Amino acid sequence: MASETSSPDSHRGWRIRARLRALYHGQSRQAVRFRYGVLVIDLAIIAFFVAAPVMRGQNLGWLFYVLDYVIAALLAADLLARAMAWTDIRSWLKRPVVWADLFILATLLFPAWLFNFGFLRVIRLWTLINSDFFWRTVGRKYDDTHVEDVIKALAALVTFIFVATGFVYTAFVGTHEGLTGYVDALYYTVTSLTTTGYGDILLPGAWGRIVSIIIMLTGVTLFVRLGQTLLRPPKVHHPCPNCGLQRHDPDAVHCKACGQGLCIPNYEV
């Protein structure tokens, strides 16, 4: 009797998971439209994360917390749906991007306690651009690893700029007469990571100097990475059937690693 009564629930759960798997991982027109809708919502959420420090300074009161919890509900629903659509939840939980999203969700659910970590929410941009979900949707019509590498490098740089800006705004605004708002924090971050260093805004104390050093070193590293990605010859994703090398020149006829003959599709007329 117990198995009979539990059977409808198990079948219903299986159907829901199958439906979500088809939407999140399928290639049908409906699935692609669904994922585009999710991406639009994700980008709107990221825009809110970027604007949140400025909005908090406008004394919006309870309205700001309402927006926080609405976005938390959307993010929680998306994470739950992705988990159900994944074949093995344990392997899904081992992914770093998932833990980053869970931390972002925690800052949304407990804004009063985790306010000082709110600037880390912009990491959502990095997790989105580095997700298979994004590239299955946006990059499904081409297999250009060069474009993918450039976009990922640019996303890493933009994410770092806003994370560093949020940290400077949270930790140092009000401690220096030239650092009075979010725009000042953004200005300081950009001038530091580009090593321009006009000197009109300086972070006070030893910790301020350490933060400046980290911003400069990390910014230079990300700029160099972006430059290398832009200048690097384009590659295509085509696994070698012999050694498994994933990337090859678009016109390659043999694998550079093992010499195996390749047959890379060419859609040019």
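Excluded from the calculations below are hydrogen atoms, water molecules and symmetry mates; all remaining heavy atoms, backbone and side chain alike, are included. By convention here, the first residue in the shown sequence is residue 1. From a predicted model like this one, the values you see are computed outputs, not experimental measurements.
Checking T221, L157, D149 one by one against L226, the side-chain contact (heavy atoms from CB on, under 4.5 Å) holds for a single residue, L157.
The main-chain N or O of I129 is found under 3.5 Å from a side-chain atom of W135 such that the two form a donor-acceptor pair.
Shortest non-hydrogen contact noted between L179 and A185 is CD1-N, 3.6 Å. Among all heavy-atom pairs drawn from Y182 and V50, the shortest one is OH-O, 3.7 Å. Across all non-hydrogen atoms, the minimal contact from T229 to A153 is OG1-CB, 4.0 Å.
The closest side-chain heavy-atom distance from F49 to I71 is below 4.5 Å. Residues L43 and L128 form a side-chain contact, since some pair of their non-hydrogen atoms from C-beta on lies under 4.5 Å apart. For the pair R82 and V38, the minimum side-chain heavy-atom distance is below 4.5 Å. Proximity of L186 to I161: side-chain heavy atoms (C-beta onward) are separated by under 4.5 Å at one or more points. You'll find the side chain of W126 stays beyond 4.5 Å of the side chain of V163, heavy atoms only. Side-chain contact between D101 and I104 is present, with at least one heavy-atom pair separated by less than 4.5 Å. Side-chain contact between T189 and Y169: absent, with no pair of heavy atoms (C-beta onward) separated by less than 4.5 Å. With a 4.5 Å cut-off on side-chain heavy atoms, R17 and L20 do not count as touching.
One finds the CG atom of D132 at 8.5 Å from the NE2 atom of H25 (value rounded to the nearest 0.5 Å). How far CG of L67 is from CG of L108: 11.0 Å, rounded to the nearest 0.5 Å. Atom CG of residue L93 and atom CG of residue D88 lie 9.0 Å apart, to the nearest 0.5 angstrom. Rounding to the nearest 0.5 Å gives a distance of 13.0 Å between CZ of R33 and CG of L23. Interatomic distance, T127 OG1 to D42 CG, rounded to the nearest 0.5 Å: 8.0 Å. Within the model, atoms CZ of R124 and CD1 of I46 stand 6.5 Å from one another, a figure rounded to the nearest 0.5 Å.
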Practice task
Check the pair T137, F34 against side-chain contact (heavy atoms from CB on, under 4.5 Å), reporting the backbone distance first and the verdict last.
Solution key: CA-CA 9 Å; T137 305; F34 170 80; over 6 Å; no

Can you give me every donor-acceptor pair (side chain of residues 202-212, partner residue at least two apart or in another chain, under 3.5 Å) with its distance?
{"unit_1": "R209", "atom_1": "NH1", "unit_2": "G205", "atom_2": "O", "d": "3.4"}
{"unit_1": "S212", "atom_1": "OG", "unit_2": "Y188", "atom_2": "OH", "d": "2.1"}
{"unit_1": "S212", "atom_1": "OG", "unit_2": "G208", "atom_2": "O", "d": "2.9"}

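Taking the six-membered ring where the residue is Trp, F133 and Y24 present tilted rings, their angle falling between 30° and 60°.
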